[in-house]
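The structure appears below as structure tokens.
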Amino acid sequence: MTNAGISTESQVRPRQALDKLKPYTAGKPIWEVQREYGLDRVIKLASNENSLGPSPKAMQAIREKVTELHRYPDERSSGLVGALAESFGLPNESFLVTNGGDELIMLLSKAYVEPGDEIVVPDPTFSEYEFGSLLMAGQAVKVPLRERFSYDADALLAAVTDKTKIVYLCTPNNPTGTYLPEPEMRRLLDSLPPRVLVVVDAAYRHYATADDYSDGLAFVREGYPVVSLHTFSKIYGLAGIRVGYGVARGDIVRTMLKVKEPFNVNALADVAAQAALTDEEHLEASVRMNDEGRRQLYEGLGKLRIPYTESMSNFVLAELGEHTGRIYGQLLERGVILRSGKGWGLNEHVRITVGTREENEELLKALGELYG
Ligand SMILES: *Cc1c(COP(=O)(O)O)cnc(C)c1O
């Protein structure tokens with residue numbers, strides 16, 4: 001065809017890198033399950049959200065900001081940067097506020113990954129690291145976790161080549177809940193060539209109770225080429241408004257700022273996050289709910305003889321075996337949404353977000369009727 005007439009498919013060739021991209025599989029939304037199965041009450045334990053809801057202080061801050069929505073947001077979220085800098089005792093230049101932690105991963109990819117570059121990731125883990133590198137025509141080298149999904153620092157090191165640009169350490173790791181102990185992280189960092197950037201994804205750091213847990217901040221302070229990733233989507237209960245941040249040396253932050261859109265964080269997210277930071281009551285209640293809920297799930301799963309992986313996070317990976325697909329579907333019919341392990345190649349697992357006592361109880365009751 002030579003003319004620019006209308007055909008059913010566009011003749012415009014998208015970038016080749018897009019051929020390899022797999023779309024993100026999100027947790028099923030509540031409205032969809034309500035509509036599909038004609039249900040009123042639906043329990044969503046699929047996306048590691050905070051079942052307690054948003055911080056009330058954040059909600060109040062949003063209400064107060066609404067009348068100013070005709071103004072562009074603060075280009076660098078300087079109020080939030082200042083608050084973070086003060087709470088961590090680090091300079092302002094160490095912080096980069098983003099449209100969720102996901103945007104930080106995209107900025108890292110855009111700023112550092114050249115075509116043909118490699119990133120090293122544990123497997124299974126959060127899919128956005130690979131997405132970001134594929135989009136930049138790089139590729140992900142996947143290093144399997146060991147038995148019981150524990151981290152293998154030596155295998156990660158062995159996967160590093162001349163092409164490696166970034167090593168991603170998701171700790172606690174999504175979807176396994178396992179973590180990389182601090183001494184292992186230090187050994188890894190000390191063994192890596194200095195041209196490799198290490199991203200410590202600490203999205204779930206508040207839930208980790210192990211004494212030797214590290215969110216990577218200590219290494220940022222020591223001057224390592226480390227980016228520590230944080231989000232307001234999980235314990236702060238603000239997933240819907242999209243805000244997260246990275247902490248790193250000033251030179252690394254400046255590099256990422258080069259590829260940032262001017263108004264990446266909206267005005268409501270900015271003030272909501274600032275308010276959430278001051279809401280210790282909400283934070284403590286959320287930690288408490290999670291500690292109790294995690295124990296409740298361990299106990300309930302144990303009674304049902306369902307194997308699970310002990311978690312440092314707000315979710316538990318459970319092994320339902322060969323009938324996982326059926327059980328997952330039947331739970332949906334009853335209005336309980338879990339995350340299927342399929343996306344991670346874990347066909348016999350589900351990831352269960354820790355909910356309120358009542359939510360966990362309902363899930364365990366349903367599992368008791370469907371499992372075995
Ligand atoms: C949820 C999550 C994030 C960040 O999510 P945002 O909603 O984009 O802030 C980052 N890493 C991991 C491992 C996560 O589970």
Side-chain angles (χ1 to χ4, degrees), residues 23-27 29 44-51 54-55 58 77 80 84 95-109 119 121-133 140 142 145 149 151 166-180 198-208 213-216 226-248 256 260-261 264-266 268-270 272-273 276-277 286 290 309 311-317 338-339 341 343-344 346 351-354:
Y24 181 76
T25 33
K44 186 180 176 202
L45 302 175
S47 299
N48 305 337
E49 296 149 344
N50 185 342
S51 277
S55 145
S77 312
L80 180 53
L84 290 167
F95 295 85
L96 175 59
V97 178
T98 53
N99 192 337
D102 287 352
E103 193 201 11
L104 184 69
I105 297 166
M106 294 312 294
L107 295 183
L108 282 161
S109 310
I119 63 162
V121 297
D123 185 33
T125 196
F126 194 49
S127 62
E128 289 297 285
Y129 316 137
E130 181 177 21
F131 180 84
S133 72
K142 299 180 182 184
L145 297 170
F149 300 114
Y151 259 99
I166 304 176
V167 174
Y168 281 95
L169 304 172
C170 187
T171 179
N173 186 44
N174 181 3
T176 59
T178 48
Y179 74 106
L180 180 67
V198 174
V199 178
V200 179
D201 185 338
Y204 300 98
R205 73 183 172 100
H206 293 96
Y207 300 113
Y213 169 73
S214 171
D215 55 15
V226 166
V227 179
S228 180
L229 181 153
H230 302 252
T231 177
F232 285 90
S233 295
K234 306 291 156 58
I235 201 158
Y236 295 104
L238 295 172
I241 211 160
R242 317 299 304 129
V243 53
Y245 59 98
V247 194
M256 289 192 287
K260 181 183 93 58
E261 304 277 337
N264 60 327
V265 177
N266 74 73
L268 299 181
D270 186 3
L277 270 185
S286 303
N290 196 66
T309 306
S311 172
M312 284 292 145
S313 200
N314 69 341
F315 52 82
V316 177
L317 189 68
L338 302 182
R339 182 68 69 90
W344 293 285
L346 300 170
R351 192 193 63 193
I352 306 166
T353 300
V354 177

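Counting convention: from 1, in listed order, for ligands and their atoms alike. Only a predicted model underlies this, so the values are computations on that prediction, with no experimental measurement involved.
Taking all atoms of both residues into account, the shortest heavy-atom contact from Ala272 to Ala58 is O-CB, 3.5 Å.
Here Glu49 pairs with Lys44 under the salt bridge (charged side-chain N to carboxylate O under 4.0 Å, His left out) rule; sequence neighbours left out. With sequence neighbours excluded, no residue satisfies ring-ring contact (aromatic ring centres under 6.0 Å, His included) with Tyr207. With sequence neighbours excluded, the residues forming a side-chain contact (heavy atoms from CB on, under 4.5 Å) with Thr231 are Ala203, Ser233, Lys234, listed by chain and number.
In this structure the side chain of Tyr213 reaches within 4.5 angstrom of the side chain of Arg205, judged on heavy atoms.
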Pairs of nitrogen or oxygen atoms, one from ligand 1 and one from the protein, closer than 3.5 Å: please tabulate them with distances.
| unit_1 | atom_1 | unit_2 | atom_2 | d |
| --- | --- | --- | --- | --- |
| ligand 1 | 7 (O) | Ser233 | OG | 2.6 |
| ligand 1 | 7 (O) | Arg242 | NH1 | 2.7 |
| ligand 1 | 7 (O) | Arg242 | NH2 | 3.4 |
| ligand 1 | 8 (O) | Gly101 | N | 3.1 |
| ligand 1 | 8 (O) | Asp102 | N | 2.9 |
| ligand 1 | 8 (O) | Asp102 | OD1 | 3.2 |
| ligand 1 | 8 (O) | Asp102 | OD2 | 3.4 |
| ligand 1 | 8 (O) | Arg242 | NH2 | 2.7 |
| ligand 1 | 9 (O) | Gly101 | N | 2.6 |
| ligand 1 | 9 (O) | Thr231 | OG1 | 2.5 |
| ligand 1 | 9 (O) | Ser233 | OG | 3.2 |
| ligand 1 | 11 (N) | Asp201 | OD1 | 3.3 |
| ligand 1 | 11 (N) | Asp201 | OD2 | 2.5 |
| ligand 1 | 15 (O) | Asn174 | ND2 | 2.9 |
| ligand 1 | 15 (O) | Tyr204 | OH | 2.5 |
| ligand 1 | 15 (O) | Lys234 | NZ | 3.0 |

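Checked by atom type and distance alone, the side chain of Ser77 never pairs as donor or acceptor with a backbone atom of Val97 at under 3.5 Å.
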